[in-house]
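As the structure lists them, so they are numbered: ligands from 1, and atoms in each ligand from 1.
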Amino acid sequence: MAFRTARNLAYFSNYIRNYSTNGPLVNVTVNEKSGFATATLQRPSVNSLNLELLTEISHTLQQLEKNKCRGLILTSASNKVFSAGLDLFELHKPNADKIKQMWSTLQEVWIKLYGSSYPTVAVVNGHAPAGGCMLALSCEYRVMLNNFIIGLNEAQIGFSAPMWLIDGMRNTIGSRQAEFALTAGTLFKTEEALKIGLVDEVAQSKEEAIEKAEKFLNKFAKIPPHARSMTKAALRGANIQALVRNKDEEVRSYVDFVTDSQFQDSLGEFIELNLKQKLSK
Ligand SMILES: CCCCC/C=C\C/C=C\CC/C=C/CC(=O)SCCNC(=O)CCNC(=O)[C@H](O)C(C)(C)COP(=O)(O)OP(=O)(O)OC[C@H]1O[C@@H](n2cnc3c(N)ncnc32)[C@H](O)[C@@H]1OP(=O)(O)O
């Protein structure tokens, strides 16, 4: 049964309503004509990825897969920030159990989005540092609005991106550009990102970006879905399998790393320097 039928649509809306306690952090709409879903991240103010938002993204992706979604557009309700990446306040002086769940859910999101059977586009309508860039990279195509930044700035914050994300970056911009970008933790302006292939198209407005995203998704209208998804799995499968194999080990080392006092001190400094306002509240 296709996801676009009214029955499935109603089921999905109910599911999202029931799932969220404080209102959905991800708003999902489906265009009945095209069957394309739009998932809009709406955790104020910058869609920073805490456990609740990551869990909702993960459940949304699961439902889309189950309902044979025909294509996904991932975007943000904010007109300034696509996603600010991991919620740094949740990583500061953390509860180890929560951090463990957070990392494991982040891995799930990558597995489900990077490995989705349906085609995916990120409409990057705001800044997308670190985890924000990760979400965009897990999609097959990126349309970005002007005057924002995108990139994996982990090295600037004092750590390295995990292998699966490095591999995703390499797959998108090639080994040489990935090495330059990752070792310096570069955040690219929209036009620079276009030049190195980190984004595929630039748009002047969100409406134009959605049109471009739909045009990309429509390219697959005449391709048998199973042939498309088998080909995608062949191209992306090794990345997913390597992550699945190392999942638990990676969670363990991530928790050790984040709870270490040295990292906590430098994260405290980063927050103080970059997110001062909130810290002083
Ligand atoms: C720490 C990592 C542990 C080790 C992990 C190891 C491997 C992980 C590798 C890969 C997996 C993917 C994960 C990557 C890691 C991350 O994502 S770390 C997060 C990195 N994020 C950033 O560096 C972004 C920091 N923020 C900014 O640069 C700017 O805020 C912005 C996004 C460019 C927006 O700028 P703008 O001027 O519009 O807004 P403000 O700066 O005024 O911010 C508004 C508001 O939002 C709060 N805020 C911003 N970013 C975050 C955040 N990441 N977490 C929580 N809160 C954030 C800010 O404090 C303001 O709050 P207010 O004062 O209350 O309004």
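- Checked by atom type, the side-chain pair Arg70/Ser34 shows no donor-acceptor distance below 3.5 Å.
- Backbone and side-chain nitrogen or oxygen atoms of Trp164 are examined, and none is located within less than 3.5 angstrom of a nitrogen or oxygen of ligand 1.
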Derivation and outcome, side-chain hydrogen bond (donor to acceptor under 3.5 Å, both in side chains), residues Asn67 and Tyr118: CA-CA 11 Å; Asn67 288 289; Tyr118 50 84; over 6 Å; no
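- Residue Phe263 holds the heavy atom nearest to atom 3 (C) of ligand 1 of all those in Phe148, Phe263, Phe270, Phe89.
- Heavy-atom proximity to Leu91, at under 4.0 Å, picks out these atoms of ligand 1: 1 (C), 2 (C).
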With salt bridge (Lys or Arg N to Asp or Glu O under 4.0 Å) as the test, would you mind laying out the steps for Glu140 and Arg236 before giving the verdict? CA-CA 11 Å; Glu140 291 166 39; Arg236 297 191 171 197; 5.4 Å; no
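- Here is the list of ligand 1 atoms found below 4.0 Å of a heavy atom in Leu165: 10 (C), 11 (C).
- Using a 4.0 Å cut-off to heavy atoms of Lys80, the atoms of ligand 1 that qualify are 38 (O).
- Contact annotation: for Leu88 versus ligand 1, heavy atoms closer than 4.0 Å belong to both the backbone and the side chain.
- With distances taken over non-hydrogen atoms, the option nearest atom 26 (N) of ligand 1 out of Leu275, Asn274, Leu86 is Leu275.
- Judged by distance alone, the side chains of Asn171 and Tyr114 do bring a donor and an acceptor atom under 3.5 Å apart.
- The pair Lys247-Glu108 meets the salt-bridge criterion, with a side-chain N (NZ, NE, NH1 or NH2) lying under 4.0 Å from an Asp/Glu carboxylate O.
- Residue Ala84 has at least one N or O atom closer than 3.5 Å to an N or O atom of ligand 1.
- Ranked by closest heavy atom to atom 12 (C) of ligand 1, the top entry among His127, Arg43, Glu154, Gln107 is Glu154.
- Near Ser45, meaning under 4.0 Å from one of its heavy atoms, ligand 1 places the atoms 45 (C), 46 (O).
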Glu249/Arg252 under salt bridge (Lys or Arg N to Asp or Glu O under 4.0 Å): CA gap, chis, key distance, verdict: CA-CA 5 Å; Glu249 180 52 39; Arg252 269 194 294 278; 3.3 Å; yes
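- For the 3.5 Å distance criterion, the side chains of Lys93 and Gln264 fail to qualify, holding no donor opposite an acceptor.
- Of the candidates Thr75, Thr40, Asn79, Thr75 is the only one forming a side chain to side chain donor-acceptor pair (under 3.5 Å) with Asn125.
- In Asn153, the part holding a heavy atom less than 4.0 Å from any atom of ligand 1 is the side chain.
- The option with the heavy atom closest to atom 8 (C) of ligand 1, from among Phe82, Trp110, Trp103, is Trp103.
- Between Phe220 and Phe216, the ring planes are perpendicular. Angles over 60° get that label, and only those under 30° would be called parallel.
- At a 3.5 angstrom cut-off on N or O pairs, Ala161 does not count as close to ligand 1.
- Residue contacts with ligand 1 for Asp87 involve both N, CA, C or O and side-chain atoms from C-beta outward (heavy atoms, distance under 4.0 Å).
- For ligand 1, the atoms sitting less than 4.0 Å from at least one non-hydrogen atom of Pro129 are 24 (C), numbered in the order shown with element in parentheses.
- Judged by distance alone, the side chains of Trp164 and Glu250 do bring a donor and an acceptor atom under 3.5 Å apart.
- Under a 4.0 angstrom heavy-atom cut-off, Leu106 registers as being in contact with ligand 1.
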Verdict with reasoning, Lys195 to Glu191, per salt bridge (Lys or Arg N to Asp or Glu O under 4.0 Å): CA-CA 6 Å; Lys195 251 188 220 154; Glu191 286 299 336; over 6 Å; no
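- Between Gly85 and ligand 1, no N or O atom pair is found at a separation short of 3.5 Å.
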Pair Glu65-Ser117, side-chain hydrogen bond (donor to acceptor under 3.5 Å, both in side chains): steps then yes or no: CA-CA 7 Å; Glu65 198 66 69; Ser117 64; 2.3 Å; yes
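- In Ser160, the part holding a heavy atom less than 4.0 Å from any atom of ligand 1 is the backbone.
- Not a single heavy atom of Gly126 sits closer than 4.0 Å to an atom of ligand 1.
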